[in-house]
**Q** 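Here it is: the structure, laid out below.
Note that the coordinates shown come from a computational prediction; the quantities given were computed from them, not determined experimentally. Residue numbers run from 1 in the order of the sequence given.
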Amino acid sequence: MTGKSAPAPARPARVETCCGGSVDPLSDCLSSTGREKGNRFCEYQQEVQELLGCYTGANIYFPVRRKVNLFAPDIYVQALPDILENSNNNLFGIVRVEDKDKGVHGQIKSLDIVDGDPDGHFRIKATGRGGEFVIEVHRLLDRETAPVGYNLTLRAVDRGVPSRQSYKVIPVHLADINDNAPVFNREIYEVSVPETSPPNTPVIRLKVTDRDEGKNAQVFLEIVGGNEGGEFRVNPETGMLYTAVPLDAELKAFYTLTVSAIDQGNTGTRKQSSAKVKINVQDTNDNDPIFEINNMTIKVDENEPAGTTVTKVTARDKDLGENAYISYSIANLNDVPFDIDHFSGVVRTSKLLDYESMRREYILRVRASDWGLPYRRQTEMQLIIKLRDVNDNRPQFERIDCVGRIPRYTPIGTEIFTLSALDFDYGSVITYRMVSGNEDGCFNLDPGTGVISVGCDLGDIGVEYREVNVTATDGTHFADTARIQINLVQNKRNLGSNLKAEDGAMFECRETGVRQRLVDIQASAERNNMPGRDVSNGDDFAMMPSRYGENVHAPEFVDLPLEVKVNESIPLGTTITWIKARDRDLGYNGKLVFGISGGDDDSVFRLDPDNGELKIIGYLDRERRDEYFLNITVYDLGKPQKSISKVLPITVLDENDNVPRFEKSLASFRVTENALNGTIIFRVNATDADLGNNAKVTYSLITDTKDFRVDPETGVLSVIAPLDRERQEIYELRIRATDGGGDQSTPALFSEALVRVTVDDINDNAPEFSIQDLSVRIREDVPKGTVVMVVSAVDLDSGPSSEILYSFGENGDGEGSFKIDKQSGTIRTAKMLDFEERQIHSLIVKAIDRGTPSLSSETSVIVEVIDVNENKYAPQFEDFVLIGSITENKPPGAHVMQVTAKDLDPPGPDSRVSYSIKGGDGLGIFAIDNEALIGESRHLVNVITLVL
């Protein structure tokens with residue numbers, strides 16, 4: 001089939017690409033001539049070739065795109081080193097985002113905070129200047145809720161296609177302001193303390209916290225109320241409350257202290273809080289009973305019946321409860337005729353008292369004892385009881401029932417009988433009197449002497465005998481009547497006054513024995529009341545507080561340690577020693593109380609006041625303090641109180657509780673890659689606050705590398721192998737410092753430091769071409785300045801040493817036919833080429849870096865010049881429109897038609913015609929070969945118009 005052919009389109013002079021490629025002058029196909037500087041290869045070669053179609057006779061202008069969004073944005077931040085919490089400053093930092101790309105690809109689409117701020121305290125705001133943003137504080141910051149600050153992750157996104165993004169983490173450190181007051185763990189503390197507690201006894205530890213940090217969280221405590229007498233003190237740093245003076249529950253049993261906690265923030269910003277401490281002073285049996293009257297003298301009549309009340313003694317005790325209950329007793333060892341009611345103090349007689357025979361004065365030791373524990377306190381008074389003599393005895397005759405005889409001629413006035421009556425009462429005066437039988441007065445009785453004499457002529461009496469009844473009296477009591485029978489007998493006369501008993505007046509009486517009884521009583525009285533007898537002799541009294549209770553002896557230490565050694569890691573509550581002491585007194589005079597009177601400024605020790613147990617109540621730290629000198633004081637509870645004190649050294653032994661500390665935990669250094677083996681980079685130094693082996697530090701290199709080593713003793717970091725920056729530029733070396741405190745049960749402690757070593761470049765690498773011995777074909781008719789190809793070399797060095805300049809080698813410029821751009825390596829034609837003159841050009845391209853000294857390398861480029869004839873005529877079809885037909889359902893490859901075009905150029909390449917379908921076959925249904933045969937490649941679905 002023939003038709004009219006379309007006019008041939010004009011052929012382009014050249015096709016250039018932006019990726020260093022060129023269009024084959026013969027095939028019009030795009031081919032790569034090199035790679036871009038920086039290893040950016042042309043990625044569109046296949047795509048471009050598919051679009052070009054690689055056919056002849058087509059007038060094609062094809063814009064070749066390259067991937068221009070090569071760079072992600074760079075984020076630069078200028079931020080405050082820290083920002084005050086609760087501050088009104090709403091600007092934290094300025095962020096500048098730059099993109100090395102050009103055009104829209106270099107524009108910044110957004111900058112956002114994508115992590116590190118869950119509560120939205122910060123926000124990003126654009127300033128209006130390209131790529132500049134500010135980080136604003138959107139909500140008030142509180143360091144206490146974010147003590148480690150924030151790590152804001154910024155994400156920058158550019159507008160390129162496809163878009164690129166980059167991230168940067170910005171640390172935000174919050175600076176503390178004094179916005180929190182100290183807080184006690186309780187608002188009201190309640191505690192009890194015995195009143196026998198010695199000064200400096202720990203009472204309670206007040207715990208205070210402050211959520212601030214640094215000096216804003218450093219709290220000092222002070223008693224600001226309720227301590228007017230200075231009875232208590234508080235350690236301002238540890239918060240331990242101590243007694244300051246001896247306490248007395250009888251004077252004051254309850255205290256309410258107000259303790260203030262003040263932080264150490266700057267003046268004007270300090271904050272404080274307070275708490276109440278209610279202290280109940282527990283009563284102990286520290287008071288003796290006290291008698292209202294210490295010495296009392298009482299007189300009591302003798303002969304009172306047993307149980308007669310003599311007196312009542314009263315004692316009082318200032319203590320409370322059972323410590324104030326009092327019982328009474330008589331402390332005399334020997335029996336006394338008295339007893340006392342144990343509860344009321346009433347003194348009574350225990351038997352009948354007799355002045356005449358018993359002791360006439362008694363000295364009683366009346367003892368008052370309380371019911372306190374562990375010992376009773378007691379005191380005594382002296383009660384003197386004097387017996388008062390009363391007339392309680394009747395006179396008694398020594399002889400009674402007397403019968404006698406008297407001659408009648410006994411003269412008047414003759415003494416015939418003497419009465420004798422005795423009275424047991426002391427100092428009684430006895431008188432006698434006739435009771436009956438002497439009515440005629442013949443007998444006279446002397447009332448004082450008791451002498452009976454004749455008072456009449458007995459011869460005149462008409463009876464044979466006379467019976468006279470007499471009595472004796474002490475003025476109160478009368479003796480029993482004594483009967484005297486006088487028989488009158490006849491006998492000699494006129495004897496006158498010379499009459500004697502043997503001469504006729506004789507009486508016989510019955511002895512009563514009263515005299516002997518009186519003698520015995522007087523002897524007993526004399527014994528009991530012997531002049532000069534010491535009534536306070538010890539044999540008569542028990543050992544009493546007034547004597548043995550005197551506080552004679554001071555306490556004495558028993559086997560007090562010279563030194564106590566304790567590990568600093570000892571748990572709280574551990575007993576480290578027992579303080580032993582003794583007192584040779586008895587009772588409370590020998591009762592001991594233990595205390596620490598000084599040397600415990602850190603409030604870490606407690607000495608039990610009762611048993612001397614020394615415990616740890618605070619954490620020890622040898623690095624803070626390695627020795628304490630405790631002033632141990634032992635008091636007795638006698639009056640006056642006595643004590644003894646000694647210093648007990650406490651040595652705090654080291655425990656491996658401190659890790660080694662580097663002077664610098666992060667350091668950066670630079671070293672040239674030609675550094676010799678043994679070159680010292682840095683000397684790390686770590687110290688350990690412990691002692692001995694616990695403080696001995698050895699160093700090791702944790703990072704796996706064969707290029708560096710660290711001396712285990714000195715910590716010197718040195719080079720041990722040749723360095724090559726091109727192999728590894730940055731080393732992050734982790735150095736570990738390990739102490740010598742490890743054993744089988746516990747590992748040694750260690751810490752690590754990071755040393756970053758950057759290897760500085762030297763010019764030790766020559767530029768390297770990506771492809772050696774390049775070749776390219778170019779038409780001879782390309783104009784001057786046509787890009788032949790772009791050569792590219794890479795230098796693995798950095799800085800100026802990696803910057804490459806291109807030039808032709810000696811005699812390697814194709815006799816001036818080509819020129820090369822020294823920066824980009826682009827080779828262009830310097831003049832018109834002529835195939836007939838020269839078909840092959842051999843170029844030598846040299847790449848020289850800018851290092852010192854510079855290094856270079858060469859590659860050859862073979863340029864083949866393609867002959868171009870005149871080709872004056874374009875092929876012509878037989879007709880402009882050619883029509884063919886085919887039935888449906890023909891299989892692929894079925895013959896449709898054959899077209900023919902003719903070229904009027906002379907036989908040869910210029911007249912050789914090739915065919916292709918230019919348009920109208922968008923579905924790819926037809927295909928044409930170089931013989932102009934059109935065949936079906938797919939099932940036909942419609943009428944197709946082909947443009948050839």
**Q** Is it the case that atom CZ in Phe557 sees more than 12 heavy atoms from other parts of the structure closer than 6.0 Å?
**A** yes

**Q** Quick check: does any side chain N or O of Thr243 sit under 3.5 Å from a backbone N or O of Thr201, one acting as donor and the other as acceptor?
**A** yes

**Q** Before accepting this row, confirm whether a basic side-chain N of the pair Glu556/Arg584 lies closer than 4.0 Å to the acidic partner's carboxylate O.
**A** yes

**Q** With distance as the sole criterion, is a donor-acceptor pair present between the side chains of Asn287 and Glu250 under 3.5 Å?
**A** yes

**Q** Are Phe232 and Tyr242 close enough that their ring centres sit under 6.0 Å apart?
**A** no

**Q** Using a strict cut-off of less than 4.0 Å between a Lys/Arg side-chain nitrogen and an Asp/Glu carboxylate oxygen, indicate whether Asp636 and Lys642 qualify as a salt bridge.
**A** no

**Q** With a 4.0 Å cut-off, would you call Arg360 and Asp389 a salt bridge?
**A** no

**Q** Counting only heavy atoms not in Arg316, do more than 12 sit closer than 6.0 Å to its CZ atom?
**A** no

**Q** Taking atom NE2 of His342 and atom CZ of Arg367, what is their separation to the nearest 0.5 Å?
**A** 12.5 Å

**Q** Hey, is Arg377 close enough to Asp370 for a salt bridge, meaning N to O under 4.0 Å?
**A** no

**Q** Which pair of non-hydrogen atoms, one from Gln485 and one from Phe507, has the smallest distance, and what is that distance?
**A** O-CE2, 4.1 Å

**Q** Once you round to the nearest 0.5 Å, how far does CG of Leu637 lie from CG of Asp585?
**A** 11.5 Å

**Q** For a 4.5 angstrom cut-off between non-hydrogen side-chain atoms, does Lys252 reach Val281?
**A** no

**Q** Donor-acceptor pair, distance only, cut-off 3.5 Å: does the side chain of Ser327 make one with the backbone of Phe343?
**A** no

**Q** Tell me whether Arg408 contacts the main-chain N or O of Ile461 through its side chain, where contact means a donor paired with an acceptor under 3.5 Å.
**A** yes

**Q** Roughly how far, to the nearest 0.5 Å, is CG of Asn631 from OG of Ser597?
**A** 3.5 Å

**Q** For residues Phe605 and Ile576, determine if any side-chain heavy atom of one lies less than 4.5 Å from a side-chain heavy atom of the other.
**A** yes

**Q** Using 30° and 60° as the class boundaries, would you call the ring planes of Phe291 and Tyr328 parallel, tilted or perpendicular?
**A** tilted

**Q** So which atom in Ile596 and which in Asn200 form the shortest heavy-atom distance, rounded to 0.1 Å?
**A** O-ND2, 2.6 Å

**Q** Are more than 12 heavy atoms from other residues, nucleotides or ligands located less than 6.0 Å from atom CD of Glu508?
**A** no

**Q** Would you say Thr196 and Tyr635 make side-chain contact, with heavy atoms under 4.5 Å?
**A** no

**Q** Would you check if His553 and Asp583 make a side-chain contact, meaning some heavy-atom pair closer than 4.5 Å?
**A** yes

**Q** Do NZ/NE/NH1/NH2 and the carboxylate oxygens of Arg388 and Glu302 come within less than 4.0 Å?
**A** no

**Q** Is the closest side-chain heavy-atom distance between Leu607 and Ile579 below 4.5 Å?
**A** yes

**Q** Do Asn469 and Ser436 have a side chain donor and acceptor closer than 3.5 Å?
**A** yes

**Q** Test Phe417 against Ile484 for side-chain contact (heavy atoms from CB on, under 4.5 Å), laying out the working first.
**A** CA-CA 9 Å; Phe417 190 74; Ile484 302 175; 3.9 Å; yes

**Q** Indicate whether any N or O donor in one side chain lies under 3.5 Å from an N or O acceptor in the other, for Asn323 and Asp317.
**A** no

**Q** Any chance you could lay out the side-chain contact (heavy atoms from CB on, under 4.5 Å) test for Tyr432 and Ile430, step after step, and finish with the verdict?
**A** CA-CA 7 Å; Tyr432 303 91; Ile430 298 175; 4.1 Å; yes

**Q** Taking atom types as modelled and ignoring hydrogens, do the side chains of Lys312 and Ser344 form a donor-acceptor contact shorter than 3.5 angstrom?
**A** no

**Q** Whether the side chain of Thr284 engages the backbone of Glu195 through a donor-acceptor N/O pair (distance < 3.5 Å, no angle test) should be reported.
**A** no

**Q** Would you say Asp559 has more than 12 foreign heavy atoms packed within less than 6.0 Å of its CG?
**A** no

**Q** What I want to check is whether the side chains of Ser350 and Asp339 have a donor and an acceptor closer together than 3.5 Å.
**A** no

**Q** Compare every heavy atom of Ile363 with every heavy atom of Asn332, then report the nearest pair and how far apart it is.
**A** ND2-O, 2.9 Å

**Q** Scan side-chain atoms only and decide if Thr575 and Glu613 contain a donor-acceptor pair under the 3.5 Å cut-off.
**A** yes

**Q** Run the ring-ring contact (aromatic ring centres under 6.0 Å, His included) test against Phe424 and tell me which residues pass, sequence neighbours left out.
**A** none

**Q** Hey, what do you get for CG (Asp446) to CG (Asn444), rounding to the nearest 0.5 Å?
**A** 9.5 Å

**Q** Any sub-3.5 Å donor-acceptor pair from His477's side-chain atoms to Asn391's backbone N or O?
**A** yes

**Q** Between the main-chain N or O of Phe478 and the side-chain N or O of Asp474, is there a donor-acceptor pair closer than 3.5 Å?
**A** no

**Q** Taking the side chain as every heavy atom from C-beta outward, state whether Arg433 and Val470 have any pair of such atoms under 4.5 Å apart.
**A** no

**Q** Tell me if a side-chain donor or acceptor on Thr349 pairs with a main-chain N or O of Gly307 at a distance below 3.5 Å.
**A** yes

**Q** Got a donor-acceptor contact below 3.5 angstrom from the Arg399 side chain to the Thr512 backbone?
**A** no

**Q** Using the side-chain contact (heavy atoms from CB on, under 4.5 Å) rule, take Ile385 and Thr311 through it: C-alpha gap first, then chi angles, then the decisive distance, then the call.
**A** CA-CA 10 Å; Ile385 299 178; Thr311 187; 5.9 Å; no

**Q** So Val647 and Leu630, do their side chains get closer than 4.5 Å, heavy atoms only?
**A** no

**Q** How far apart are the closest heavy atoms of Pro198 and Val593, and which atoms are they?
**A** CD-CG1, 3.4 Å

**Q** Has the side chain of Arg606 got a donor or acceptor atom that lies under 3.5 Å from a matching backbone atom of Ile617?
**A** no

**Q** What verdict does the side-chain contact (heavy atoms from CB on, under 4.5 Å) test give for Ile406 and Leu458, after you've listed the backbone C-alpha separation in whole Å, the side-chain angles of each residue and the deciding distance to 0.1 Å?
**A** CA-CA 9 Å; Ile406 300 176; Leu458 299 178; 3.7 Å; yes

**Q** Any donor and acceptor pair, going by atom type alone, linking the side chain of Asp423 with main-chain N or O of Val429 inside 3.5 Å?
**A** no

**Q** What distance separates Thr314 OG1 from Ile290 CD1, expressed to the nearest 0.5 Å?
**A** 13.5 Å

**Q** Please name the pair of heavy atoms, one in Gly226 and one in Tyr255, separated by the smallest distance, quoted to 0.1 Å.
**A** O-CD2, 4.0 Å

**Q** If you round to the nearest 0.5 Å, how far is CZ of Arg483 from CZ of Arg510?
**A** 10.0 Å

**Q** Please evaluate residues Tyr362 and Phe338 with respect to the criterion ring pair (Phe, Tyr, Trp, His ring centres under 6.0 Å), reporting the C-alpha separation (whole Å), side-chain torsions for both, the decisive distance (0.1 Å), and the verdict.
**A** CA-CA 9 Å; Tyr362 292 90; Phe338 303 94; 5.4 Å; yes

**Q** Minimum heavy-atom separation for Thr256 to Phe254, with atom names?
**A** OG1-CE2, 3.2 Å

**Q** Hey, are the side chains of Phe397 and Ser420 touching, using non-hydrogen atoms and a 4.5 Å cut-off?
**A** no

**Q** Exactly one of Thr309, Ile340, Asp341 should register a side-chain contact (heavy atoms from CB on, under 4.5 Å) with Val347. Which one does?
**A** Ile340

